[in-house]
Amino acid sequence: MAAPTGQLASAGPCESVRARHARRFIIGIAAVAALGGALFGYDTGVISGALPFMEGHFGLTSLGEGIITSALLIGAAFGSLIGGRMSDALGRRNSLLWAGAVFIGGALAVALAPDVPVMTVARFVLGLAVGSASVITPLYLSEIAPPRIRGRLVSFNSLMIVSGQLLAYLINAFLAQWAAWRWMLGLAALPAVALFVGLFFLPDTPRWYISKGRQDDAARVLRRTLPAEDVSAELARIDHARSLEADARRGGRQQLRTPWVRRLLLVGIGLAAVQQITGVNAVVYFAPKILASTGLGTGASITATIAIGVISVLATALGMSLIDRVGRRPLLLTGLAGMTVSLALLGAAFHLPHSPAVSILVLGLMVLYMAFMQGTLNTGVWLLLAEMFPLRVRGLAMGAAVFMMWLVNFAVALAFPLLLDAVGAGTTFWLFGVMCVLSLVFCKRYAPETKGLALEDLEDELRKAAGPAPAAN
């Protein structure tokens, strides 16, 4: 992760020491907070390797596979709403502590579940933590990061998500030789403990402190991330934004009735849906099943998914390096165009006769699709959702957008095994390609550009640019 040296220019030995301390502080925050992203990735990715063995153990049908997979996702949908409200009331840090505790309990419950009903409930509970972390972690990072590195720091959470998925694929491949699917699921408790313990050493964000009237606490945190001469100006900027939003001391729900805020919420919900209807989690959750349909064995299919995890990490790292230079909108549009082409070719590949060469071709096209997805759309959407909402409704609005993300994710995970049985993999991936085209049109028209602006300055810009709320998306 790039150090914030541009934000903390050295003006002598004292400032140089201060810059080094700030750099270590910010990197430490990113490392601990982004464990929430790693757990998000692990708990969503691990099911791909566990599911083939659970299918035999529990006698699952395609519907049963969809139910167990999607139970976590419906829990995550409600967790995103809980996380948004909780982060506004209790703070970003304390809410992540709650999520860490649920991660620990949920991982152990899933690993020990004796039957399908208990497994489904345990996955739902684990989903509450996944959904909460999916809202709170990027919110926390976006509010504590200096503006010049905010894109890279928040995108670090996206890198941790795909790193968690890669770790899940590696562990799945290693444990598959013993069919140790319970260990695959239960090992998520270890990083959950690290997250829970590490959070005791972190502060909350300056913006949340100011929203609760705790200026001294906010200043204390800002002094650890900014040059001394910039602290007062940053405090004033945050406080000014807060006062603009609180003129009549209206609550968050009333704020959402303001036309420009409502428009941003509709756009945020649309972006959240775009991230899921384009098919990414059909690949994340069911890659071994997809590859097995081309003739590969179970063990080979699970091992082959490591390639998907590796390219996801590399593409996300590339996206992180570009997003503050290229901007959010160009990445979204480029990625959706590449995903459309990849899915069109992938759908065609499934109409070829089964052979080892076709299995390799399908894997290669899945890897290409994931490279476009993870390096552009996934990184860009999470960052935009963390940046685009005003302070007083940021947690609530982001929670609503991520709630939609998880609902669409749930629908895709539940429907995908049934679609494979009904129309086949080729037609299913062509349907995702159509969704990419529609998403490209939506993003070109509505996605905002947030590159390079402080959150409070960005708020003013979006207010001016929003205009009347659209009748529909």
Side-chain angles (χ1 to χ4, degrees), residues 28-30 32-37 39-40 75-106 124-145 154 157 191-222 224-225 235 238-239 241-242 245-246 249-256 265 268 382 385-387 389-403 405-406 455:
I29 283 174
V32 174
L35 280 172
L39 284 162
F40 173 172
F78 288 100
S80 67
L81 289 181
I82 294 169
R85 297 288 296 275
M86 187 166 52
S87 70
D88 284 342
L90 303 180
R92 302 1 177 174
R93 170 188 169 274
N94 288 338
S95 299
L96 275 175
L97 272 171
W98 176 88
V102 178
F103 268 125
I104 296 169
F124 175 84
V125 171
L126 185 59
L128 294 175
V130 171
S132 296
S134 71
V135 174
I136 302 164
T137 301
L139 192 62
Y140 182 91
L141 292 172
S142 72
E143 290 188 352
I144 209 161
V154 178
N157 182 57
V193 170
L195 172 67
F196 186 78
V197 172
L199 284 166
F200 282 101
F201 300 93
L202 301 186
D204 217 306
T205 71
R207 288 164 179 83
W208 185 79
Y209 283 135
I210 287 178
S211 75
K212 299 301 179 183
R214 296 167 60 178
Q215 272 77 6
D216 290 344
D217 289 327
R220 191 174 301 115
V221 177
L222 288 173
R224 300 186 70 180
T225 61
L235 281 170
I238 297 171
D239 203 37
R242 175 176 172 269
E245 294 301 320
R249 304 301 297 171
R250 293 178 296 172
R253 291 186 181 276
Q254 291 173 304
Q255 288 278 323
L256 290 175
L265 177 61
W382 279 115
L385 293 182
E387 292 178 324
F389 300 118
L391 174 62
R392 280 185 59 78
V393 297
R394 189 168 293 146
L396 179 62
M398 188 174 177
V402 177
F403 178 72
M405 183 185 292
W406 287 113
L455 291 178

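Heavy atoms only: backbone and side chains are in, while hydrogens, waters and symmetry mates are out.
The side chain to side chain contact (heavy atoms under 4.5 Å, CB included) test with Thr137 is passed by exactly one of Leu39, Leu96, Leu35: Leu96.
Taking each heavy atom of Ala218 and Pro206 in turn, the nearest pair found is CB-O, 3.6 Å. Nearest heavy-atom pair across Ser80 and Ala77 is OG-O, 2.6 Å. Contact between Ala99 and Ala129 at its shortest, heavy atoms only, is O-CB, 3.5 Å. Closest of all the heavy-atom pairs between Trp382 and Met405 is CZ2-SD, 3.4 Å. The minimum heavy-atom distance between Ala400 and Leu265, with the atom names listed, is CB-CD1, 4.1 Å. Ala101 approaches Phe196 most closely through the heavy-atom pair N-CD1, 3.8 Å.
Between Phe403 and Val135, the closest side-chain pair of non-hydrogen atoms is not below 4.5 Å. Using a 4.5 Å heavy-atom cutoff, the side chains of Val130 and Phe103 are in contact. Asp217 is not listed as a side-chain neighbour of Asp204, based on a closest heavy-atom distance of 4.5 Å or more.
In this structure, Asp88 CG and Lys212 NZ are separated by 7.0 Å, a value rounded to the nearest 0.5 Å. Of the inter-residue distances, the one linking Ile82 atom CD1 with Ser87 atom OG reads 12.0 Å to the nearest 0.5 angstrom. For the atom pair CD1 (Ile144) and CG (Leu139), the distance works out to 11.5 Å, reported to the nearest 0.5 Å. In this structure, CG in Leu90 is found 10.5 Å from CH2 in Trp98, a value given to the nearest 0.5 Å. Taking OH of Tyr209 as the start and CZ of Arg92 as the end, the distance is 11.5 Å to the nearest 0.5 Å. Note that CZ of Arg207 is 10.0 Å distant from CG of Leu235, once rounded to the nearest 0.5 Å.
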(request) Take Phe201 and Val32, measure what side-chain contact (heavy atoms from CB on, under 4.5 Å) needs, and give me the verdict at the end. (result) CA-CA 9 Å; Phe201 300 93; Val32 174; over 6 Å; no
(request) Show your reasoning for whether side-chain contact (heavy atoms from CB on, under 4.5 Å) applies to Thr205 and Val221. (result) CA-CA 7 Å; Thr205 71; Val221 177; over 6 Å; no
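Under the 30°/60° scheme for interplanar angles, the aromatic rings of Phe78 and Phe124 are found to be tilted.
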